[in-house]
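Since the structure is predicted, the reported quantities are computational estimates derived from the model, not experimental observations.
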Amino acid sequence: MPKLGGMFNIVLVEPEIPHNAGAAGRLALATDSTLHLVKPLGFSLEDKHVRRTGLDYWQDVKLKVWESYDEFCAANADGRMWFLSTKAKQSPWTAEFQPGDFLVFGRETKGLPESVVFAAGDQALRIPMAPGGTRSLNLSTAVAIVLYEAARQQDPGW
């Protein structure tokens with residue numbers, strides 16, 4: 001199996017549901033990516049649900065926890081960010097991902113603030129969905145869709 005040509009950064013801003021963080025951790029591990037969790041968190045990282053979803057892999061996840069969104073942004077100011085939102089206009093299929101990119105997702109109940117999405121311009125992405133269907137996808141499902149599109153772009157045979 002070909003090896004992914006670099007890792008990505010999965011960023012969950014104020015995640016509320018431990019199962020989603022656990023699933024994102026497994027996705028990070030499967031793609032040699034780093035999982036960033038931006039506080040406040042709606043759960044404890046010691047929560048059995050996070051560990052259960054991450055199974056026995058949780059201790060192997062490259063995990064960075066940030067005290068605030070401002071702290072995360074200041075520490076990663078030179079990073080290339082992609083902001084995922086149902087309010088964005090561009091789809092991930094038009095983005096040109098690069099290893100090291102940050103894939104930024106908002107919390108389950110509110111997503112990212114509109115001001116962040118608006119300021120992101122062409123770096124704001126929306127996963128296409130059929131009109132009249134659901135208004136959003138599960139957070140870990142959305143992470144998987146975008147992360148694997150980014151990985152596919154790096155090495156289609158991966």
Trainee: Go through L35 and N9 one step at a time and tell me if the side-chain contact (heavy atoms from CB on, under 4.5 Å) criterion holds.
Mentor: CA-CA 6 Å; L35 175 62; N9 292 280; over 6 Å; no

Trainee: Which residues pass the side-chain contact (heavy atoms from CB on, under 4.5 Å) test with K62, sequence neighbours left out?
Mentor: M7, D32, T34

Trainee: In chain order, what residues pass the side-chain contact (heavy atoms from CB on, under 4.5 Å) check against E108, with sequence neighbours excluded?
Mentor: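 Only P15, E16, I17, N20, L139 meet the side-chain contact (heavy atoms from CB on, under 4.5 Å) criterion with E108.
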
Trainee: Which pairs count as side-chain hydrogen bond (donor to acceptor under 3.5 Å, both in side chains) when at least one residue sits in residues 115-126, sequence neighbours excluded?
Mentor: none

Trainee: Could you tell me whether the side chain of S44 reaches within less than 4.5 Å of the side chain of P18, counting heavy atoms only?
Mentor: no

Trainee: Please walk me through it: do F72 and F102 pass ring-ring contact (aromatic ring centres under 6.0 Å, His included)?
Mentor: CA-CA 11 Å; F72 164 78; F102 289 81; 5.7 Å; yes

Trainee: Just verifying a value: how many Å separate L84 CG and L125 CG, rounded to the nearest 0.5 Å?
Mentor: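 Result: 5.5 Å between the selected atoms.
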
Trainee: Could you tell me which residues satisfy salt bridge (charged side-chain N to carboxylate O under 4.0 Å, His left out) with E71, sequence neighbours excluded, listed by chain and number?
Mentor: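 For E71 there are no salt bridge (charged side-chain N to carboxylate O under 4.0 Å, His left out) partners, ignoring immediate neighbours.
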
Trainee: Are W66 and L63 co-members of a hydrophobic cluster defined by side-chain heavy atoms under 4.5 Å apart?
Mentor: no

Trainee: Between T31 (side chain) and L27 (backbone), is there a donor-acceptor pair under 3.5 Å?
Mentor: yes

Trainee: Please enumerate all residues that pass side-chain contact (heavy atoms from CB on, under 4.5 Å) together with V116, with sequence neighbours excluded.
Mentor: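 Result, side-chain contact (heavy atoms from CB on, under 4.5 Å) vs V116: Y69, F83, P113.
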
Trainee: Just to verify, what does E149 make a side-chain contact (heavy atoms from CB on, under 4.5 Å) with, not counting sequence neighbours?
Mentor: W93, F97, R152, Q153

Trainee: Are the side chain of N138 and the backbone N or O of T141 linked by a donor-acceptor pair below 3.5 Å?
Mentor: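 Side chain of N138 to backbone of T141, a donor-acceptor pair under 3.5 Å: yes, one is there.
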
Trainee: Going by the rule side-chain hydrogen bond (donor to acceptor under 3.5 Å, both in side chains), which residues pair with S85 if we only count those two or more places apart in sequence or in a different chain?
Mentor: none

Trainee: If I compare all heavy atoms of L103 with all of L147, which pair ends up nearest, and what's the gap?
Mentor: CD1-CA, 3.9 Å

Trainee: Does anything in residues 73-97 pair up under salt bridge (charged side-chain N to carboxylate O under 4.0 Å, His left out), and if so which pairs, sequence neighbours excluded?
Mentor: R80-D101

Trainee: With rounding to the nearest 0.5 Å, note down the distance linking NZ in K64 to CG in N76.
Mentor: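 K64 atom NZ to N76 atom CG measures 6.5 Å (nearest 0.5 Å).
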
Trainee: Kindly indicate whether the side chain of V146, heavy atoms from C-beta on, has any atom under 4.5 Å from the side chain of F105.
Mentor: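 Side chain of V146 against side chain of F105, heavy atoms only: contact under 4.5 Å found.
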
Trainee: Could I get the full list of salt bridge (charged side-chain N to carboxylate O under 4.0 Å, His left out) partners for E67, not counting sequence neighbours?
Mentor: K39

Trainee: Check L37 against A21 and note the closest heavy-atom contact, atom names and distance.
Mentor: CD2-CB, 4.5 Å

Trainee: Would you call T86 and M129 a side-chain contact if the rule is heavy atoms closer than 4.5 Å?
Mentor: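 In contact.
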
Trainee: Is there a path of hydrophobic side-chain contacts, each under 4.5 Å between heavy atoms, that joins I127 and F8?
Mentor: yes

Trainee: Are side-chain N/O atoms of S68 and D70 paired as donor and acceptor at under 3.5 Å?
Mentor: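 There is no such pair (donor and acceptor under 3.5 Å, judged by atom type) between the side chains of S68 and D70.
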
Trainee: Flag yes if W82 and L112 sit in one hydrophobic cluster, no otherwise; membership is Ile, Leu, Val, Met, Phe, Trp, Tyr, and two members link when side-chain heavy atoms are under 4.5 Å apart.
Mentor: no

Trainee: How far apart are the closest heavy atoms of I10 and S33, and which atoms are they?
Mentor: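 Shortest heavy-atom separation between I10 and S33 comes out as CD1-CB, 4.4 Å.
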
Trainee: For the residue pair V143 and L12, establish whether any side-chain heavy-atom pair is separated by less than 4.5 Å.
Mentor: yes

Trainee: Quick check: is V13 connected to F43 through a chain of hydrophobic side chains (ILVMFWY, heavy atoms under 4.5 Å apart)?
Mentor: no

Trainee: Please tell me whether V61 and V38 are part of a single hydrophobic cluster in this structure, the criterion being side-chain heavy atoms less than 4.5 Å apart.
Mentor: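 Different clusters: V61 never reaches V38 through Ile, Leu, Val, Met, Phe, Trp or Tyr contacts under 4.5 Å.
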
